[in-house]
Amino acid sequence: MTRKEIAAVLEEIALLLELSGENPFKSRSYTNVARQILQSSEDIAALVREKRLRELKGVGEALEQKITELVSTGKLPYHEELRARFPETLFALFDIPGLGAKRIKTLYEDLGIATLGELEYACNENRLITLKGFGPKMQQKVLDGLAFAKRHQGQYLVSAGLEAANALRDWLCDEKSVSQIEIAGSLRRRKETVKDVDLLAAGSDPDRIMARFVEAPGVETVTSRGDTKSSVVLASGLAVDLRVVSGTQFPYALAHFTGSKDHNVVMRQRAKDRKMKLNEYGLFQGDDRLLRCEDEEAIFAALDLPYIPPELREDRGEFDAESVPELVQREDLLGVMHCHSTYSDGRSSLEEMTAGAKARGYRYIGFADHSQSAAYAGGLRPADVERQHDEIDKVMEKAGGIRLLKGIESDILGDGSLDYDEKILKQFDFVIASVHSKLTMTEKEATQRLLAAIRNPYTSILGHPTGRLLLSREGYPLDLDAIFDACAEHRVAIEINANPHRLDLDWRHLRTASERGIKLCIGPDAHSVEGLDDVDYGLGIARKGWLKKDDLLNCMDAEELLAWRRTK
DNA sequence: GCCGTTTTCGGCCCGACTGTTTTCAGTCG
């Protein structure tokens with residue numbers, strides 16, 4: 001069993017225990033251990049074999065026994081008994097806002113509702129209002145939630161989230177009483193997709209700030225309206241929360257509303273361990289005496305921690321690390337790789353792209369148009385390659401101060417070979433090898449295909465390695481372990497494709513890759529001058545993956561990069 | 001179900017808001 005599968009069983013037990021009305025802390029202990037298993041770098045099967053499960057935090061006698069049974073036999077009677085009490089379809093009800101274990105239990109036991117469809121039917125029949133813990137408003141809220149769930153999956157790309165958040169921030173800045181305003185939440189942590197937007201403001205007149213907020217352009221419904229917190233839903237379906245605090249409270253609130261739930265749990269526990277209390281309004285000692293912190297850094301310091309950048313606040317090792325790394329910054333990026341041009345499916349010319357890169361402060365730009373098999377994208381035939389190289393030389397002559405690199409985004413064909421023969425391949429400064437076709441392979445087939453491409457001596461970078469499209473298409477299954485081994489052995493870099501629809505390789509794997517000595521490369525996959533700005537999304541993901549400037553190919557200068565490639 | 005310089009029982013992070021109540025439970029982050 002994979003660690004994901006083991007964790008999924010434990011998480012399901014936690015939900016089932018809640019539905020059963022069990023002690024919530026019992027439920028939580030299953031959730032905690034599920035999390036530990038997902039985070040652990042240990043092989044869980046090995047822990048079971050060596051009877052070392054108890055080394056995982058939160059595993060006691062009962063969980064040791066259950067996990068051992070689950071891993072050894074592939075099933076767990078305790079889990080199956082719990083499952084037998086409730087229909088599987090009931091789990092979908094948890095996605096409706098306002099519905100938790102208690103209300104779902106009532107719906108199921110009193111009305112026999114087990115599916116979203118039955119729930120909608122019961123609402124339309126007006127049957128929820130008489131139920132204990134429900135009323136007319138709750139019924140309407142459930143109906144709204146059902147409609148919402150139908151319209152959207154409730155997830156948005158980070159690009160959509162940031163766009164909405166920036167617009168709202170600007171709108172609120174025009175309110176005179178606002179002294180500070182920040183985007184918080186998962187957007188500040190630069191998650192690849194977000195469920196909502198969290199804004200935090202400080203100001204002298206909260207009421208006016210709230211009033212302006214609920215009147216913002218694009219606001220379709222106001223979900224809640226209070227003195228310190230209001231929530232709205234934009235026409236796009238995106239939910240936005242605004243919190244207003246005082247200037248003194250701002251740093252504490254910013255930390256509170258930036259950290260993931262799990263990160264915050266650890267922060268508050270650390271405070272508690274030090275006889276303090278941490279919440280969104282402050283860090284308090286003894287009898288509620290405020291420990292003044294001017295900024296987030298001071299809060300971390302008070303809890304004996306170095307400053308933890310927002311992107312790392314996920315409780316994925318930031319508290320255990322010997323030191324928090326000096327994360328890569330925008331000014332560390334010397335060049336921009338993976339740019340398309342009008343030679344294939346780009347909208348901007350070589351010259352325009354070059355000027356755009358120069359204006360953004362890059363010292364070099366790497367062109368990587370599609371290769372000949374990508375007919376749909378106007379892939380370059382050998383003659384086109386020659387033509388493009390001539391033009392690149394000309395553009396470089398008059399560009400001044402920026403270097404152009406001759407690359408290609410070569411399709412990885414079904415058998416793992418690249419899309420040109422050696423004679424052509426050797427002419428490129430770099431080769432990004434990417435899959436664009438035959439996306440439905442088994443894990444074994446897809447892995448073999450990529451391994452063949454990685455072993456090709458001309459491959460420098462593995463482009464968008466899993467082929468995923470966020471919120472619309474899963475990546476093909478891959479044995480990433482094997483891919484990483486091969487990349488390390490053959491000195492092939494892995495792309496962080498910065499297009500907000502991709503953000504592939506996923507940030508959760510970046511730290512592992514870099515620790516194995518693999519170089520990463522932020523590529524905007526730009527098809528226009530504006531597309532160059534997608535680098536910022538890639539940068540957020542790189543930082544989220546704990547990367548330092550030394551880990552990134554495009555933090556090298558052009559000479560260094562070419563030398564790196566030559567030593568392959 | 002776990003855990004332990006407050007320790008083998010009694011806690012387990014904490015607060016806001018909503019909707020249902022008529023003082024609070026449930027949900028959410």
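Order of the sequence lines fixes the chain letters, A, B, ..., with proteins taken first and strands second; residue numbering starts at 1 for each chain.
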Task: Base-contact (B) and sugar-phosphate-only (S) positions in nucleotides 20-29 of chain B, heavy-atom cut-off under 4.0 Å, - elsewhere - done: S-----SSSS
Figure out the [atom1]/[atom2] separation between [X] and [N], and round it to whole Å.
X        : N      : atom1 : atom2 : answer
A/Glu61  : B/dT8  : CD    : P     : 18 Å
A/Arg274 : B/dC13 : CZ    : C1'   : 15 Å
A/Leu143 : B/dG19 : CG    : P     : 14 Å
A/Arg243 : B/dC14 : CZ    : C1'   : 11 Å
A/Lys26  : B/dG11 : NZ    : C1'   : 17 Å
A/Tyr281 : B/dG15 : OH    : P     : 9 Å
A/Asp144 : B/dT18 : CG    : C1'   : 14 Å
A/Lys57  : B/dC2  : NZ    : P     : 13 Å

Between [N] and [M], how far apart are the two [atom1] atoms, rounded to whole Å?
N      : M      : atom1 : value
B/dT20 : B/dC14 : C1'   : 23 Å
B/dG11 : B/dC17 : C1'   : 27 Å
B/dC9  : B/dG15 : P     : 30 Å
B/dC28 : B/dC13 : C1'   : 14 Å
B/dT6  : B/dC2  : P     : 23 Å
B/dC12 : B/dT18 : C1'   : 26 Å
B/dT23 : B/dG29 : C1'   : 24 Å

Check every strand shown and say whether [X] touches a base, only sugar-phosphate, or nothing at a heavy-atom separation below 4.0 Å.
X        : answer
A/Asn264 : nothing
A/Arg225 : sugar-phosphate
A/Val266 : nothing

Open item on the list: If we check side chain to side chain donor-acceptor pair (under 3.5 Å) with A/Asp504, which of these qualifies: A/Asn499, A/Thr466, A/Asn497?
Closed with: A/Thr466
TODO: Kindly indicate, with the supporting measurements, whether the criterion ring pair (Phe, Tyr, Trp, His ring centres under 6.0 Å) is fulfilled by A/Phe319 and A/His263.
DONE: CA-CA 9 Å; A/Phe319 295 108; A/His263 171 94; 4.9 Å; yes
- [ ] Could you let me know what B/dT8 is paired to, Watson-Crick or G-U wobble, both distances under 3.5 Å, or none if it's on its own?
- [x] none
Open item on the list: So does A/Asn23 get a backbone contact from the side chain of A/Ser27, meaning a donor-acceptor N/O pair under 3.5 Å?
Closed with: no
- [ ] Please answer whether the main-chain N or O of A/Ser231 pairs with a side-chain N or O of A/Arg225 as donor and acceptor at a distance below 3.5 Å.
- [x] no
Please tell me if [X] has a side-chain N or O lying less than 4.0 Å from either OP1 or OP2 of [N].
X        : N      : result
A/Asn279 : B/dG15 : yes
A/Thr228 : B/dC17 : yes
A/Lys272 : B/dC12 : yes
A/Ser224 : B/dT18 : yes
A/Tyr30  : B/dG1  : yes

TODO: Could you pull out all residues at least two apart from A/Glu318 that satisfy salt bridge (charged side-chain N to carboxylate O under 4.0 Å, His left out)?
DONE: none
Task: Aromatic A/Tyr156 / basic A/Lys195 pairing, under 6.0 angstrom, 45° off normal - done: no
TODO: Evaluate side-chain hydrogen bond (donor to acceptor under 3.5 Å, both in side chains) for A/Ser20 paired with A/Arg85, printing each intermediate quantity in order.
DONE: CA-CA 8 Å; A/Ser20 306; A/Arg85 292 193 207 170; 3.2 Å; yes
Task: Residue closer to the 5' end of DNA chain B, A/Asp227 versus A/Asn23 (nearest nucleotide) - done: A/Asn23
Task: CG-NZ distance between A/Leu19 and A/Lys105, expressed to the nearest 0.5 angstrom - done: 8.5 Å
Open item on the list: If I compare all heavy atoms of A/Pro206 with all of A/Asp227, which pair ends up nearest, and what's the gap?
Closed with: CB-O, 3.8 Å
